[in-house]
**Q** 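Handing you this structure, nothing more for now.
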Amino acid sequence: MTDLVLDVTLCLLLVSASVGVVVTADEGSLTGADNALDADGIATSLATSTATVYYDLEPGVEAADPSLLESGGVDARELDRTAHGSLAGLLARSTLGTVAIDGVRLTHARDDMRRGVAERVASELPVRGVNVAVRWAPYPGAPVQVTDMLGPRPSAAATVHSASLRVPSGFPSARDDALAASDDGFDAVARVVAKRTVAGLFPPEQARLALHGDEPVSTLMAHRYERAGTLLNASVEPEVESVEPRAANADLEAALAPKLEADMRANYETPTEAARAVSVGHVDIVVRTWSL
């Protein structure tokens, strides 16, 4: 069974054709004696190689409502999922499933997918001398974010090369609107970013379908909403129970916006600087290689 309904909540279409590859290198790293692996080549392989990963939703169901795993709760076959795409897209998709607010995870529904994708990507990488980092945030350092990493870290003395991929997150883009709002202050920028972040985590129509759907999808979506509400101090249970995702999203946006505003004020000199840093619409994947 494919994860059609659940995965519409986060980045269904991560295709290799939309992945950009940018090659960079640390200053002074390109020496004749350097025998580092080809970071650019590895990044290109992640963008173009495809794979199918099989996983299940049991960790998420265990966290949301363990009674569903008991006899008569939900058929085990309803937990089975399949994900297919480029390795970069799968990395982005599985990592976005572990989004956290102030370091606390919203859901564990993609824990097994994360494991499967990591194993599949690792099988394509050299055993030593390479590290892959996957990062998403509405803007660098935001209280809502996620980072994942594969492979060892290079030592401080290593000569490091890097190449980066930019993969669509599936969240609505926010940077242009944030820039347009920046003349009205940090609060206006924060409202734009909060709205697009919540819409990416909870696309209203897909969330409605999930809440109306069969188990375990309905429970997993309700649990995601309730976790977000708890972490943002927003009451969304009535809206979730009555299947009104747009109203629930409005409550989450109203709670998230001042949190983002305070964080932006603490970390950026001006609203325009904060708006320029907005990155809701993409996931960054950075490949680092070093001399062995």
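Count residues from 1 along the sequence. Computation of the quantities below employed the complete heavy-atom set of this structure, encompassing side-chain atoms and omitting hydrogens, waters and symmetry-equivalent molecules.
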**Q** Spell out, yes or no, whether Val146 and Val144 are grouped together once hydrophobic residues are joined by side-chain heavy atoms under 4.5 Å, including indirect joins.
**A**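 They do share one cluster, since a chain of ILVMFWY contacts under 4.5 Å joins Val146 to Val144.
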**Q** Within the supplied structure, the quantity of interest is the number of heavy atoms (other residues, nucleotides, ligands) at a distance under 6.0 Å from Asp214 CG; does it exceed 12?
**A**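 No, not enclosed.
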**Q** Could you tell me the separation between the NZ atom of Lys195 and the CG atom of Asn249, rounded to the nearest 0.5 Å?
**A**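 CG of Asn249 is found 8.5 Å from NZ of Lys195.
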**Q** How far apart are the C-alpha atoms of Asp284 and Arg166, what are their side-chain angles, what is the distance that settles it, and do they pass the salt bridge (charged side-chain N to carboxylate O under 4.0 Å, His left out) test?
**A** CA-CA 5 Å; Asp284 288 315; Arg166 182 156 284 182; 3.2 Å; yes
**Q** Testing the basics here: between Ser86 and Ala47, what is the closest heavy-atom pair and its distance to 0.1 Å?
**A**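 Heavy atoms only, the tightest pair is CB-O, 3.5 Å.
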**Q** Please report the C-alpha distance between Asp80 and Tyr54 in whole Å, then the side-chain angles of each, then the deciding distance to 0.1 Å, and finally whether the side chain to side chain contact (heavy atoms under 4.5 Å, CB included) criterion is met.
**A** CA-CA 7 Å; Asp80 295 335; Tyr54 301 94; over 6 Å; no
**Q** Is there a side-chain contact between Thr82 and Thr52 (heavy atoms, below 4.5 Å)?
**A**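 Touching, per the 4.5 Å side-chain cut-off.
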**Q** Is Leu252 linked to Leu256 within one hydrophobic cluster, defined over Ile, Leu, Val, Met, Phe, Trp and Tyr using a side-chain heavy-atom separation of less than 4.5 Å?
**A**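 Yes, same cluster.
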**Q** In terms of side-chain heavy atoms, does Glu215 have a donor or acceptor partner in Ser218 at a distance below 3.5 Å?
**A**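 Per modelled atom types, Glu215 and Ser218 side chains form a pair under 3.5 Å.
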**Q** Counting C-beta onward and ignoring hydrogens, is there a side-chain heavy-atom pair between His84 and Thr50 closer than 4.5 Å?
**A**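 A side-chain contact under 4.5 Å exists here.
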**Q** Is Glu237 close to Tyr225 at the side-chain level, that is, under 4.5 Å between some pair of heavy atoms?
**A**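 Not in contact.
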**Q** For residues Val74 and Leu220: do they belong to one hydrophobic cluster (side chain heavy atoms under 4.5 Å, members Ile, Leu, Val, Met, Phe, Trp, Tyr)?
**A**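 Linked, Val74 and Leu220 end up in one cluster.
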**Q** Met149 vs Val134, test: side chain to side chain contact (heavy atoms under 4.5 Å, CB included). Steps then yes/no.
**A** CA-CA 6 Å; Met149 191 169 294; Val134 188; over 6 Å; no
**Q** Could you go through the side chain to side chain contact (heavy atoms under 4.5 Å, CB included) check for Arg227 and Val104 one step at a time?
**A** CA-CA 9 Å; Arg227 288 286 293 159; Val104 181; 3.1 Å; yes
**Q** Pick out which of Val198, Ile101, Asp251 makes a side-chain contact (heavy atoms from CB on, under 4.5 Å) with Leu232.
**A**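 That would be Ile101.
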**Q** Looking only at atom types and distance, does a side-chain atom of Arg81 sit under 3.5 Å from a main-chain N or O of Glu78, one as donor and one as acceptor?
**A**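 Side chain of Arg81 to backbone of Glu78: a pair is present.
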**Q** Keeping Thr197 on the side-chain end and Ala194 on the backbone end, is there a donor-acceptor pair under 3.5 Å?
**A**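 No; judged by distance alone, with no hydrogens or angles, the pair does not exist.
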**Q** Looking at side-chain heavy atoms only, is the closest gap between Pro152 and Val130 below 4.5 Å?
**A**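 The answer is no; the side chains never approach within 4.5 Å.
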**Q** Within a strict 4.5 Å, meaning less than it, do heavy atoms of the Ser169 and Leu96 side chains meet?
**A**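 They are in contact (side-chain heavy atoms under 4.5 Å apart), so the answer is yes.
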**Q** What class does the angle between the rings of Trp136 and Phe171 fall in, given that below 30° is parallel, 30 to 60° is tilted and above 60° is perpendicular?
**A**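 Plane angle between 30° and 60°, so tilted.
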**Q** With rounding to the nearest 0.5 Å, note down the distance linking CG in Asp56 to CE in Met113.
**A**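 Here the rounded value is 12.5 Å.
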**Q** State, with a plain yes or no, whether a side-chain heavy atom of Arg288 is found less than 4.5 Å away from one of His161.
**A**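 When only atoms from C-beta onward are counted, His161 and Arg288 do not touch, as no gap falls below 4.5 Å.
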**Q** Just how far is it from atom CG of Leu150 to atom CZ of Arg114, taken to the nearest 0.5 Å?
**A**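 Answer rounded to 0.5 Å: 9.0 Å.
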**Q** Just wondering, are more than 12 heavy atoms of other shown residues or ligands nearer than 6.0 Å to CG in Asp102?
**A**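 Count over threshold, so yes.
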**Q** Let me confirm one number: the CD-CZ distance from Glu253 to Arg196, rounded to the nearest 0.5 Å.
**A**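 Spacing of CD (Glu253) from CZ (Arg196) equals 10.0 Å.
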**Q** Nearest 0.5 Å, please: how far is CG in Leu68 from OG1 in Thr219?
**A**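 The OG1 atom of Thr219 sits 5.0 Å away from the CG atom of Leu68.
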**Q** May I ask you to say whether Asp111 pairs ionically with Arg105, meaning some side-chain N is under 4.0 Å from a carboxylate O?
**A**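 Here Asp111 pairs with Arg105 in a salt bridge, since their nearest N and O are under 4.0 Å apart.
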**Q** Do Lys259 and Asp263 sit within salt-bridge range, that is, some charged N less than 4.0 Å from a carboxylate O?
**A**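 Judged by the 4.0 Å cut-off on N to carboxylate O distance, Lys259 and Asp263 do not form a salt bridge.
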**Q** Are the side chain of Ser123 and the backbone N or O of Arg120 linked by a donor-acceptor pair below 3.5 Å?
**A**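 Yes; judged by distance alone, with no hydrogens or angles, the pair exists.
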**Q** Start with the C-alpha gap between Arg276 and Glu273, add the side-chain angles, then the distance that decides, and say whether salt bridge (charged side-chain N to carboxylate O under 4.0 Å, His left out) holds.
**A** CA-CA 5 Å; Arg276 286 175 178 155; Glu273 182 184 348; over 6 Å; no
**Q** Looking at every non-hydrogen atom in both residues, tell me the closest pair between Ala248 and Val240 and how far apart they are.
**A**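 Smallest interatomic distance, heavy atoms only, reads CB-CG2, 4.5 Å.
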**Q** Dump the intermediate steps for salt bridge (charged side-chain N to carboxylate O under 4.0 Å, His left out) on Asp148 and Arg135, then the final yes or no.
**A** CA-CA 7 Å; Asp148 206 357; Arg135 304 185 183 98; over 6 Å; no
**Q** If I compare all heavy atoms of Ser182 with all of Val189, which pair ends up nearest, and what's the gap?
**A**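 Distance-wise, the nearest heavy atoms are CA-CG2, 3.6 Å.
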**Q** Would the number of heavy atoms belonging to other residues, nucleotides or ligands and lying under 6.0 Å from CD of Glu119 be above 12?
**A**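 Check passes, neighbour count above 12.
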**Q** Decide yes or no for Thr95 and Val283: does some side-chain heavy atom of the first lie under 4.5 Å from some side-chain heavy atom of the second?
**A**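 Not touching, per the 4.5 Å side-chain cut-off.
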**Q** Please check if Val53 and Val121 belong to a single hydrophobic cluster, counting links between Ile, Leu, Val, Met, Phe, Trp and Tyr side chain heavy atoms closer than 4.5 Å.
**A**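 Yes; tracing contacts between hydrophobic side chains, which count when under 4.5 Å, links both residues.
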**Q** Are Val192 and Val278 connected, step by step, through hydrophobic side chains (Ile, Leu, Val, Met, Phe, Trp, Tyr) whose heavy atoms are closer than 4.5 Å?
**A**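 No; tracing contacts between hydrophobic side chains, which count when under 4.5 Å, never links both residues.
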**Q** State whether the side chain of Arg110 and the backbone N or O of Arg93 hold a donor-acceptor pair below 3.5 Å, judged by distance alone.
**A**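 Between the backbone of Arg93 and the side chain of Arg110 there is a qualifying donor-acceptor contact (under 3.5 Å).
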**Q** Is the shortest heavy-atom distance from the side chain of Trp290 to the side chain of Ser162 under 4.5 Å?
**A**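 With C-beta onward as the side chain, the pair stays apart.
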**Q** Roughly how far, to the nearest 0.5 Å, is the CD atom of Gln206 from the CG atom of Leu209?
**A**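 The CD atom of Gln206 is 7.0 Å from CG of Leu209, to the nearest 0.5 Å.
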**Q** Of the options Leu87, Leu91, Thr289, Val286, which is the one that meets Val132 in a side-chain contact (heavy atoms from CB on, under 4.5 Å)?
**A**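 Per the side-chain contact (heavy atoms from CB on, under 4.5 Å) rule, the option paired with Val132 is Leu91, out of Leu87, Leu91, Thr289, Val286.
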**Q** So Asp112 and Arg115, side chain to side chain contact (heavy atoms under 4.5 Å, CB included) or not? Walk me through it.
**A** CA-CA 5 Å; Asp112 195 48; Arg115 176 201 56 76; 2.8 Å; yes
